[in-house]
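Indexing begins at 1, ligand by ligand and atom by atom, following the structure's order.
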Amino acid sequence: MFTPNIRPRRLRRTPTLREMVRETVVQPGDFIYPLFIKPGRNERLPIRSLPGIAQLSIDEAIKEAKEARSLGVPSLILFGIPKIKDATGSESYADDGIIQQAIRALKDVVPEMIIIADVCFCEYTDHGHCGIMLGHTLDNDATLELLQKQVLAQAKAGVDMVAPSGMIDGMVGAIREALDGNGFQHIPILSYAVKYASSFYGPFREAAESAPKFGDRRSHQMDPANVREALRESRLDVEEGADMLMVKPALAFLDVIRAVKERFDLPLAAYNVSGEYAMVKAAAQNGWIDEQRVALEILTSIKRAGADVILTYHALEAARWLNV
Ligand code: PBG
């Protein structure tokens, strides 16, 4: 009988041993929790394809923020559902726009939380595209000017960090210039540097009412087949002044997270997107998987791949599971 003298199983024998040699630890402090903010009071509109997640009026968002803080989740990213959509998404840069109101209210009640604003136009435009359109194409450089207006409105409202998500060429440089030129040098930019044209965003578009009315986003979001391009996008955003980078989605792009992590020294975020969450929820509701174990395994994998922070709809539940 052959008896090995090297036995990796020795370190897996007890829970304490396994914990001692564990390489990756996920904690509530790693999470950024997305909130969808709508006008109104006392409103919590469940999103069919994102069980457990709702569009919230500001007063309800405040309750959710307090809950997040009490669970040790330090940060929120806000998406707005405006009262009125128009061709330029003007509510996104109005001083009393829904997100500006939400930022003020949240900073008032939970000042120690990190309030991040998503910077994009798809939720605010009547055509659902991520900027100004010239016929059926997105006008890149005209959109940059409006992005500057949008971040300034958010900065004036007291936002802690801005996260441009539109994959508009030059967006980080334009935003940095606008912030620095107006006394907001201290506000960091978390760039959605590597964002793919992914089919995993389906439920989000229901949640944010942001599906494009015609066409798609493939002329600005990246082809899921590419990884070298992800490095180029990251490098450009670093040069333009990004403070943190993001890869999105996460699960089908773990190799991309790893590649970006190895080449850049900025803190790295990964977005565990709506479709990834919805798949876990659906399978769990059918009794096909153990939601808690699967969700924590996914979050651990994203962190192991190289993410320092994770945007996830599972943030509150995962924090509860981790806190026991
Ligand atoms: C754009 C934006 C999107 C998501 C985050 N920011 C949607 C898109 O690009 O169509 C998707 C997030 C998710 O699916 O959870 N503002």
Side-chain angles (χ1 to χ4, degrees), residues 31-38 47-55 75-82 85 89 91-93 97-99 102 116-132 138 143 146-147 150-151 154 161-168 171 175 189-224 233 245-253 269-282 295 298-299 302 307 309-315:
F31 302 144
I32 299 174
Y33 184 45
L35 294 185
F36 299 99
I37 317 280
K38 70 185 292 298
I47 298 151
R48 201 179 40 93
S49 55
L50 288 178
I53 305 293
Q55 292 183 356
S75 177
L76 306 170
I77 183 163
L78 309 182
F79 298 95
I81 295 113
K85 302 188 188 229
E91 191 171 327
S92 70
Y93 47 85
I98 183 73
I99 281 301
I116 306 174
D118 183 79
V119 182
C120 194
F121 286 99
C122 60
E123 300 119 71
Y124 302 94
T125 49
D126 49 15
H127 44 71
H129 284 283
C130 304
I132 309 192
L138 194 130
T143 298
L146 281 190
L147 283 171
Q150 190 179 130
V151 290
Q154 295 167 343
M161 191 182 294
V162 292
S165 64
M167 292 298 281
I168 308 300
M171 66 183 185
I175 287 170
I189 300 173
L190 162 57
S191 178
Y192 287 66
V194 182
K195 177 171 176 182
Y196 289 93
S198 168
S199 301
F200 284 96
Y201 306 149
F204 174 95
R205 291 180 186 173
E206 180 193 332
E209 300 173 11
S210 66
K213 295 285 177 298
F214 53 86
D216 56 39
R217 306 208 205 292
R218 278 180 287 194
S219 73
H220 44 294
Q221 299 179 350
M222 281 176 50
D223 181 343
E233 283 284 3
L245 300 174
M246 189 196 304
V247 172
K248 174 183 170 197
L251 254 198
F253 300 88
Y271 203 140
N272 178 211
V273 300
S274 57
E276 299 170 353
Y277 172 86
M279 291 194 302
V280 173
K281 284 285 175 191
I298 287 173
L299 294 167
I302 295 170
V309 290
I310 305 170
L311 295 86
T312 179
Y313 303 97
H314 263 123

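For residues 116-130, there are no salt bridge (Lys or Arg N to Asp or Glu O under 4.0 Å) pairs, not counting sequence neighbours.
Aromatic rings of H129 and F214 (six-membered ring for Trp) have centroids within the 6.0 Å cut-off, being under it.
Near E123, with a cut-off below 4.0 Å to any heavy atom, the atoms of ligand 1 are 16 (N). Each of the following atoms of ligand 1 lies closer than 4.0 Å to a heavy atom of Y313: 12 (C), 13 (C), 15 (O). In summary, the atoms of ligand 1 found under 4.0 Å from a heavy atom of K195, numbered by their order in the structure, are 1 (C), 2 (C), 3 (C), 6 (N), 8 (C), 9 (O). When each atom of ligand 1 is checked for a heavy atom of C120 under 4.0 Å away, the hits are 16 (N).
For atom 14 (O) of ligand 1, the closest non-hydrogen atom of the protein is S274 OG, 2.7 Å. The protein heavy atom nearest to atom 12 (C) of ligand 1 is F204 CD1, 3.3 Å. Summary of contacts: the protein heavy atom closest to atom 11 (C) of ligand 1 is K248 NZ, 2.9 Å.
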Let me have the donor-acceptor pairs involving side chains of residues 197-204, under 3.5 Å, with sequence neighbours excluded, atom names and distances please.
{"unit_1": "S198", "atom_1": "OG", "unit_2": "F200", "atom_2": "N", "d": "2.9"}
{"unit_1": "Y201", "atom_1": "OH", "unit_2": "Y196", "atom_2": "O", "d": "2.7"}

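T143 has its side chain within reach of L138: a pair of non-hydrogen atoms, C-beta onward, lies under 4.5 Å apart.
Under a 3.5 Å cut-off, the side chain of E276 and the backbone N or O of P249 do not form any donor-acceptor pair. The main-chain N or O of N272 is never found under 3.5 Å from a side-chain atom of K248 such that the two would form a donor-acceptor pair.
Under a 4.0 angstrom heavy-atom cut-off, Y271 registers as being in contact with ligand 1.
Within the 4.0 Å heavy-atom criterion, the part of C122 lying near ligand 1 is the side chain and not the backbone. With a 4.0 Å cut-off on non-hydrogen atoms, Y277 does not touch ligand 1 at all.
Ring geometry, Y313 versus F36: the interplanar angle falls under 30°, so the pair is classed parallel (tilted spans 30 to 60°).
Interatomic distance, CG of L311 versus CD1 of I116, reported as 6.5 Å (0.5 Å rounding).
Between Q221 and ligand 1, at least one pair of N/O atoms sits closer than 3.5 Å.
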